[in-house]
Amino acid sequence: MQTLLKFLFVLTLIELFVGGGGRVFELGPFTLRMLLFVLNILLVMVLYFERSKIPIYVLFLVFAVTGVLFAYSFLGWLNGAPLILIMEDVKPLSYFLSALFFSYYIDSESRVMLVTSWIKKTALLMALAYWAVQLLFYLGKIDFLPFYQYVNQQISPSDFIFRGTQGLFFYKGFVYMVIGLIFWIHSTDTKRKIVPIIVIMTAMVLTGTRGFILMFGLIYALFYGIPLLLRLNIKVLILAGLLIMGSLYFFGNFELGDKELSDSIRVQQLVQVAERIDPISFFIGHGFGIGVPVREVHMEIGYLEVFHKQGIVGLVIWALFFLILYNAIVKGKSFPEIRKSYLLSALLVILLSLTNPFFNNPIGISLFVIVLVSMNTLNQQEKIKRETIVLKDSIL
């Protein structure tokens with residue numbers, strides 16, 4: 001059973017870290033992400049039944065999420081939302097229930113290390129794969145139109161956004177590539193991390209995604225502050241300089257698609273949401289399944305969608321959850337670099353969601369759940385060690 005559980009755990013991590021929005025690995029009418037989610041939940045429910053104990057924080061999260069999903073589904077139904085659109089809103093948020101699976105397996109320091117190892121490995125593999133594709137374009141081995149048609153028809157039309165016709169593209173899974181970059185930066189293996197950092201950082205620039213560059217720089221500016229940033233070692237300063245100069249050159253000299261169109265759609269969403277605010281919806285929203293004309297289901301601005309469907313109450317619920325995450329990270333003192341990596345990664349997703357819907361779908365939710373479970377595990381292990389030392393001292 002343990003072998004099967006480890007296989008499912010690693011497979012689930014790999015699919016989450018490289019699978020983007022979940023549509024890349026489809027099995028008939030289902031996706032691999034859906035099948036793994038259901039299988040994992042069913043399996044751990046049996047295992048938890050045998051163990052007869054589920055962590056209190058996991059039970060609280062499961063009951064809280066279930067209550068919120070039911071309440072806002074009911075509100076959407078009262079406001080006339082079609083059931084199919086209500087389910088479209090419920091499906092991504094139900095990934096919070098994966099905490100049952102992750103909390104069962106991530107129960108030791110070694111398994112927390114296993115997670116961080118796979119985050120770093122998959123990030124580097126994605127960067128190398130993107131580099132390889134760009135090299136083939138540069139050498140003329142790939143033509144844009146056949147590649148574009150293959151990606152949209154055979155892989156996933158919703159997970160890729162092409163930047164012009166030179167072969168540059170954004171893939172939803174690249175969020176975990178940038179998260180992996182954070183983990184590489186804070187890796188304790190100082191001798192072997194410089195090459196992966198350069199490879200991933202340049203791949204990040206080549207995606208042509210302004211948000212990645214801006215938010216990546218912003219989280220470090222917020223975390224360290226400019227004075228502390230200036231005191232970092234020369235290698236970090238050189239890398240930061242290369243990133244800034246490379247980004248400016250790249251964004252100024254390459255065709256990256258119609259940015260004005262995507263920006264105008266976001267403005268339309270803001271206007272249409274504002275037009276539909278009333279005294280009740282301001283506080284509790286319109287409910288799941290209620291969109292706006294320009295975006296019937298999900299919006300590019302994640303927080304705007306939460307406000308429209310769940311009101312101020314919904315935003316407060318998310319803020320409380322982020323506060324719980326933060327407290328779990330800073331509560332303990334062990335493995336400071338890993339805690340720092342998780343904190344910055346969560347902050348990255350939170351900030352990216354100002355212009356893209358990452359925090360309220362499985363891409364962001366999976367990270368938040370892994371952070372919550374991993375930090376609670378480290379904190380519990382730290383508490384056990386502390387109590388053991390106190391007990392030994394009292395005996396002596």
Side-chain angles (χ1 to χ4, degrees), residues 16-17 61 92-93 95-96 99 102 112 115-116 119-120 122-123 170 172-187 197 200-201 204-205 207 209-229 232 236 239-240 243-244 247 300-307 314-376 378-379:
L16 284 171
F17 298 160
L61 179 64
L93 294 173
Y95 205 81
F96 270 112
F102 286 117
V112 174
V115 176
T116 59
I119 290 176
K120 290 161 64 179
T122 52
F170 163 79
K172 287 182 180 179
F174 286 162
V175 173
Y176 266 105
M177 183 176 74
V178 182
I179 289 171
L181 174 59
I182 294 171
F183 277 84
W184 276 110
I185 289 173
H186 297 283
S187 171
I197 289 173
I200 299 173
M201 190 175 288
M204 177 178 68
V205 174
T207 65
T209 309
R210 298 170 297 179
F212 280 173
I213 310 297
L214 292 173
M215 297 309 175
F216 180 80
L218 181 59
I219 61 170
Y220 277 95
L222 289 173
F223 190 79
Y224 287 108
I226 301 301
L228 286 177
L229 192 63
L232 292 175
V236 175
L239 283 174
L243 176 63
I244 294 171
S247 300
E300 280 84 349
I301 305 173
Y303 301 108
L304 184 66
E305 180 178 343
V306 171
F307 173 71
L315 292 173
V316 170
I317 291 172
W318 275 103
L320 289 173
F321 176 69
F322 294 151
L323 182 60
I324 291 171
L325 275 186
Y326 176 77
N327 286 334
I329 294 171
V330 302
K331 184 178 180 180
K333 303 298 181 183
S334 60
F335 301 96
E337 293 305 313
I338 289 179
R339 291 178 184 273
K340 192 182 300 180
S341 298
Y342 274 130
L343 176 61
L344 294 175
S345 297
L347 184 58
L348 175 71
V349 172
I350 290 168
L351 291 176
L352 283 173
S353 299
L354 291 170
T355 55
N356 292 280
F358 288 124
F359 82 101
N360 56 345
N361 71 36
I363 296 176
I365 292 172
S366 61
L367 175 69
F368 297 151
V369 170
I370 289 172
V371 171
L372 182 64
V373 172
S374 297
M375 293 302 100
N376 272 281
L378 291 182
N379 294 339

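FYI, the numbering just counts along the sequence from 1.
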Flag side-chain contact, heavy atom, 4.5 Å: [X] against [Y]:
X	Y	result
Y303	I350	yes
F212	V205	no
Y95	V369	no
F216	M204	yes
L344	H186	yes
K340	I329	no

Measure from the side-chain N and O atoms of S353 to the backbone N and O of F359, and report whether any donor-acceptor pair falls under 3.5 Å.
yes
Would you check if the side chain of S374 reaches a backbone N or O of V371 as a donor-acceptor pair within less than 3.5 Å?
no
Quick one: sort the F322 and W318 rings into parallel, tilted or perpendicular, breaks at 30° and 60°.
tilted
If every non-hydrogen atom of [X] is compared with every non-hydrogen atom of [Y], which pair is closest and at what distance?
X	Y	answer
L16	P362	CD2-O, 4.5 Å
L61	A99	CD2-CB, 3.7 Å
K120	G180	CG-O, 4.5 Å

Results of side-chain hydrogen bond (donor to acceptor under 3.5 Å, both in side chains) for N379 - residues two or more places apart only:
R339
Apply ring-ring contact (aromatic ring centres under 6.0 Å, His included) to F368 and F96, showing your working.
CA-CA 9 Å; F368 297 151; F96 270 112; 7.5 Å; no
Evaluation steps, side-chain contact (heavy atoms from CB on, under 4.5 Å), between I363 and L367:
CA-CA 7 Å; I363 296 176; L367 175 69; over 6 Å; no
Step by step, would you call V306 with I317 a side-chain contact (heavy atoms from CB on, under 4.5 Å)?
CA-CA 10 Å; V306 171; I317 291 172; over 6 Å; no
Sort and list the pairs that fulfil side chain to side chain donor-acceptor pair (under 3.5 Å) and have at least one residue in residues 354-367, not counting sequence neighbours.
Y176-S366, R266-N356
Verify side-chain contact (heavy atoms from CB on, under 4.5 Å) between L354 and I301, making sure each step is shown before the conclusion.
CA-CA 6 Å; L354 291 170; I301 305 173; 5.9 Å; no
Would you compute the distance between atom [atom1] of [X] and atom [atom2] of [Y] and round it to the nearest 0.5 angstrom?
X	Y	atom1	atom2	value
I365	F321	CD1	CZ	8.5 Å
W184	I197	CH2	CD1	8.5 Å
S341	I185	OG	CD1	8.5 Å
L218	M215	CG	CE	6.5 Å

Among residues two or more places apart or on two chains, list those pairs meeting ring-ring contact (aromatic ring centres under 6.0 Å, His included) that have a residue in residues 326-355.
F183-Y342
Consider side-chain contact (heavy atoms from CB on, under 4.5 Å). Of L343, I179, L181, which one does L348 pass it with?
I179
